[in-house]
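Because the structure is a prediction, the values reported are computed rather than measured.
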Amino acid sequence: MKKITSLAPGRTCLFGDHQDYLGLPVIACAIDRNIQLSAEQNLTQTFVLNMIDINEIRIIDIDATFDKLEPRDYFASSLRVLRRYGCVPNVGYDITITGDIPINSGTSSSSALLMAWIRFLIDAFGIDREVTPEFISKLGYESEVLEHGEPGGMMDHFSIGVGNIVYINTKDPFSYKIIGTNLKGLVTGVSGVPKETIGLLGEIKGNALMSIDIVKQNFPDFDLHASEVEDLDRYRNCLPDRLIPFFEAALKNYHYTKEALKEFEKPVLDLKKIGELMNLHHEVLRDLLKVTVPRIDAMINAALRAGAYGAKIVGSGGGGSIVVIANPEKEDLVIEAILKAGALEAYAVSVDPGVRVIENVEI
């Protein structure tokens with residue numbers, strides 16, 4: 001009889017929100033808030049999932065193949081995906097799931113749960129591939145995005161699967177590199193306003209892709225990956241007014257992400273410079289893509305007034321959370337200011353090494 005405990009961190013996006021589904025790069029990091037999945041082998045031929053934080057119990061037959069998926073049922077879709085790679089459950093487990101990642105906050109609680117589940121399944125039943133951080137990340141992406149036909153990208157799964165601070169080049173051929181393992185002065189603020197993921201993400205993605213297609217029709221030599229901010233005026237006139245902000249956002253966010261990469265590759269991080277770029281990135285998300293809400297804006301303004309170097313909304317938007325870069329000596333003042341501005345929670349976070357098994361023993 002086995003006992004297996006897996007852990008998956010949340011993530012925050014530092015640069016590149018609304019970029020990965022365009023094949024543009026992102027800079028994100030895993031943070032030390034996590035979902036923990038503790039499993040003990042049973043004799044029932046079922047997975048008994050006790051999700052304590054939401055007071056819900058679910059029972060899944062280990063032989064279930066899930067020919068039809070319910071929306072956002074990632075337990076089912078990952079079982080379906082892993083079977084294709086030779087991971088076939090043959091015994092049941094009683095599973096307790098707990099976590100301290102705020103739900104629906106833009107810090108990937110659902111993806112962390114999925115990745116902890118996938119890591120457990122691989123350890124429990126094996127798989128016919130070499131188990132690498134990249135492979136586990138791809139399994140998460142297949143299970144959440146491809147199986148369900150959702151509009152998201154790869155950022156969440158690679159941030160959690162690879163861990164640390166990671167630069168993810170989402171174009172084909174896909175690549176990534178770890179660009180840091182530590183970042184001082186990192187703060188998360190949770191607004192308490194539930195984010196709106198699927199609808200908002202789908203709308204912005206659709207408009208961005210439409211604007212890029214129109215530019216390509218008028219300028220066949222246009223290459224988004226070779227574009228520069230200075231190119232904007234050249235292409236603007238071929239777009240209808242309503243699509244210009246989405247095209248402008250793509251070019252500007254891409255530019256700020258490339259500039260941020262240069263900073264992260266320096267031997268010593270300039271937190272002030274990274275913060276300035278973060279502020280510019282947020283202006284695009286706020287003013288062009290319009291994904292903020294009043295409480296998020298109030299939290300960011302309060303953090304900056306309290307001495308933070310930079311702050312931005314995280315994730316798809318419409319609510320959720322913010323990430324802040326501050327002088328480590330001013331973290332407490334910044335956290336206090338964010339809370340006074342109406343945040344549900346605010347706390348310092350550290351960079352996390354990524355999804356992992358922390359216990360696998362015979363009992």
Quiz prompt | Thr12 OG1 to Ile165 CD1 distance, which is reported to the nearest 0.5 Å | solution = 11.0 Å
Quiz item: Mind checking whether Phe15 and Phe264 have parallel, tilted or perpendicular rings, split at 30° and 60°?
Solution: perpendicular
Practice problem: Kindly say whether Gly310 contributes a backbone atom to a donor-acceptor pair with the side chain of His282 at under 3.5 angstrom? | Solution: no
Quiz item: What are the two closest heavy atoms between Ala30 and Gly163, and how far apart are they?
Solution: CB-CA, 3.9 Å
Quiz prompt | Electrostatic pair Lys171-Asp223, nearest N-O below 4.0 angstrom | solution = no
Self-check item: Test item: Arg11 side-chain N/O and Pro9 main-chain N/O as donor-acceptor pair under 3.5 Å
Solution: no
Quiz item: Does Asp94 use its side chain to pair, donor to acceptor, with the backbone of Gln41 at less than 3.5 Å?
Solution: no
Quiz item: Under a single-linkage definition using a 4.5 Å side-chain heavy-atom cutoff for Ile, Leu, Val, Met, Phe, Trp and Tyr, are Leu280 and Val26 assigned to the same hydrophobic cluster?
Solution: no
Quiz item: What closest approach, in Å, do Ile325 and Leu271 show between heavy atoms, and which atom pair accounts for it?
Solution: CG2-O, 3.8 Å
Quiz item: If only atom types and distance count, is the side chain of Lys252 paired as donor or acceptor with the main-chain N or O of Ala249 below 3.5 Å?
Solution: no
Practice problem: Give the cluster check for Leu304 versus Val284: same hydrophobic cluster or not, with ILVMFWY residues linked at side-chain heavy-atom distances below 4.5 Å. | Solution: no
Exercise. Using a cut-off of 6.0 Å, state whether more than 12 heavy atoms not belonging to Ile363 lie near its atom CD1.
Key: yes
Quiz item: Looking at side-chain heavy atoms only, is the closest gap between Ser137 and Met154 below 4.5 Å?
Solution: no
Quiz item: Salt bridge or not for Arg236 and Asp233, using N-O below 4.0 Å?
Solution: yes
Practice problem: Might you point out which heavy atoms bring Met155 and Asp20 nearest each other, and give the distance in Å? | Solution: N-OD2, 3.2 Å
Quiz item: Is any side-chain heavy atom of Ile338 less than 4.5 Å from a side-chain heavy atom of Val187?
Solution: yes
Quiz item: Out of curiosity, Ser211 OG to Glu248 CD, how far, rounded to the nearest 0.5 Å?
Solution: 11.0 Å
Quiz item: With distance as the sole test, does Asp73 use its side chain to make a donor-acceptor pair with the main-chain N or O of Leu69 at under 3.5 Å?
Solution: no
Quiz item: Would you say the ring centroid of Phe246 lies under 6.0 angstrom from that of His18?
Solution: no
Quiz item: Is Arg58 paired with Glu70 through a side-chain N to carboxylate O contact shorter than 4.0 Å?
Solution: no
Exercise. For residues Thr5 and Gln36, report the shortest heavy-atom separation together with the two atoms involved.
Key: CG2-CG, 3.7 Å
Quiz item: Side chains of Glu142 and Tyr85: donor-acceptor distance under 3.5 Å anywhere?
Solution: yes
Quiz prompt | side chain to side chain contact (heavy atoms under 4.5 Å, CB included) between Asn34 and Asp100, intermediate numbers included | solution = CA-CA 6 Å; Asn34 61 71; Asp100 60 1; 4.3 Å; yes
Quiz item: Hey, would you say the Phe222 and Phe247 ring centroids sit under 6.0 Å apart?
Solution: yes
Practice problem: To the nearest 0.5 Å, tell me how far Ser350 OG sits from Asp32 CG. | Solution: 4.5 Å
Quiz item: Should Leu113 and Phe75 be marked as a side chain to side chain contact (heavy atoms under 4.5 Å, CB included) after you check the CA-CA gap, both sets of side-chain angles, and the distance that decides it?
Solution: CA-CA 9 Å; Leu113 173 56; Phe75 289 117; 3.9 Å; yes
Quiz item: Got Asp123 and Arg119 here, is their nearest side-chain heavy-atom distance under 4.5 Å?
Solution: yes
Quiz item: So, are Lys177 and Glu265 salt-bridged, with charged N and O less than 4.0 Å apart?
Solution: yes
Quiz item: Closest heavy-atom contact between Val351 and Leu183?
Solution: CG2-N, 3.8 Å
Quiz item: Who pairs with Lys330 by side chain to side chain donor-acceptor pair (under 3.5 Å), at least two apart in sequence or on another chain?
Solution: none
Exercise. Indicate yes or no: at least one non-hydrogen side-chain atom of Tyr309 is less than 4.5 angstrom from one of Lys273.
Key: no
Self-check item: Any donor-acceptor pair under 3.5 Å from Asp231 side chain to Glu228 backbone
Solution: yes
Quiz item: Between OG of Ser143 and CD1 of Ile118, what distance do you get to the nearest 0.5 Å?
Solution: 4.0 Å
Quiz item: Around Asp241, counting heavy atoms of other residues, nucleotides and ligands shown, do more than 12 lie under 6.0 Å from its CG?
Solution: no
Exercise. Only one of Val355, Ile35, Ile160 passes side-chain contact (heavy atoms from CB on, under 4.5 Å) with Ser111; say which it is.
Key: Ile160
Quiz item: Are Val91 and Phe125 close enough that some pair of their side-chain heavy atoms sits under 4.5 Å apart?
Solution: yes
Practice problem: Decide if atom CG of Asp128 counts as having more than 12 heavy atoms of other residues, nucleotides or ligands within a radius under 6.0 Å. | Solution: yes
Quiz prompt | Ion pair check, Lys312 and Asp17, cut-off under 4.0 Å | solution = yes
Quiz item: How long is the gap from CD on Glu283 to NE2 on His281, to the nearest 0.5 Å?
Solution: 11.5 Å
Quiz item: Can you name the nearest heavy-atom pair linking Ser191 to Ile296, along with the distance?
Solution: CB-CD1, 3.7 Å
Quiz item: Under a single-linkage definition using a 4.5 Å side-chain heavy-atom cutoff for Ile, Leu, Val, Met, Phe, Trp and Tyr, are Met278 and Ile335 assigned to the same hydrophobic cluster?
Solution: no
Quiz item: Would you say Ser6's side chain and Val357's backbone share a donor-acceptor pair under 3.5 angstrom?
Solution: no
Exercise. Please assess Glu144 against Ser110 for the test side chain to side chain contact (heavy atoms under 4.5 Å, CB included), listing each intermediate value before the final yes or no.
Key: CA-CA 9 Å; Glu144 183 169 344; Ser110 59; 4.3 Å; yes
Quiz item: Yes or no on side chain to side chain contact (heavy atoms under 4.5 Å, CB included) for Phe158 and Val166, after CA distance, side-chain angles and deciding distance?
Solution: CA-CA 8 Å; Phe158 273 80; Val166 62; 5.5 Å; no
Quiz item: Between Lys272 and Glu276, is there a salt bridge with N-O shorter than 4.0 Å?
Solution: no
Quiz item: Does one hydrophobic cluster hold both Trp117 and Ile62, with members joined at side-chain heavy-atom distances below 4.5 Å?
Solution: yes
Quiz item: Do Ile31 and Ile101 touch side chain to side chain, with heavy atoms closer than 4.5 Å?
Solution: no
Quiz prompt | Face-on cation placement of Lys258 at Tyr254 ring, 6.0 Å and 45° thresholds | solution = yes
Quiz prompt | Close side-chain approach of Glu345 to Ser321, heavy-atom, < 4.5 Å | solution = no
Exercise. Give me the ring orientation class for Tyr93 and Phe47: parallel if the planes are under 30° apart, tilted from 30 to 60°, perpendicular past 60°.
Key: parallel
Quiz item: Considering only heavy atoms from C-beta outward, does the side chain of Leu269 approach that of Ile274 to under 4.5 Å?
Solution: yes
Quiz item: Are Tyr21 and Leu209 connected, step by step, through hydrophobic side chains (Ile, Leu, Val, Met, Phe, Trp, Tyr) whose heavy atoms are closer than 4.5 Å?
Solution: yes
Self-check item: Gap separating the CD1 atom of Ile358 from the OG atom of Ser38, nearest 0.5 angstrom
Solution: 7.0 Å
Quiz item: Is the backbone N or O of Gly10 less than 3.5 Å from a side-chain atom of Arg33, with the two atoms forming a donor-acceptor pair by type?
Solution: no
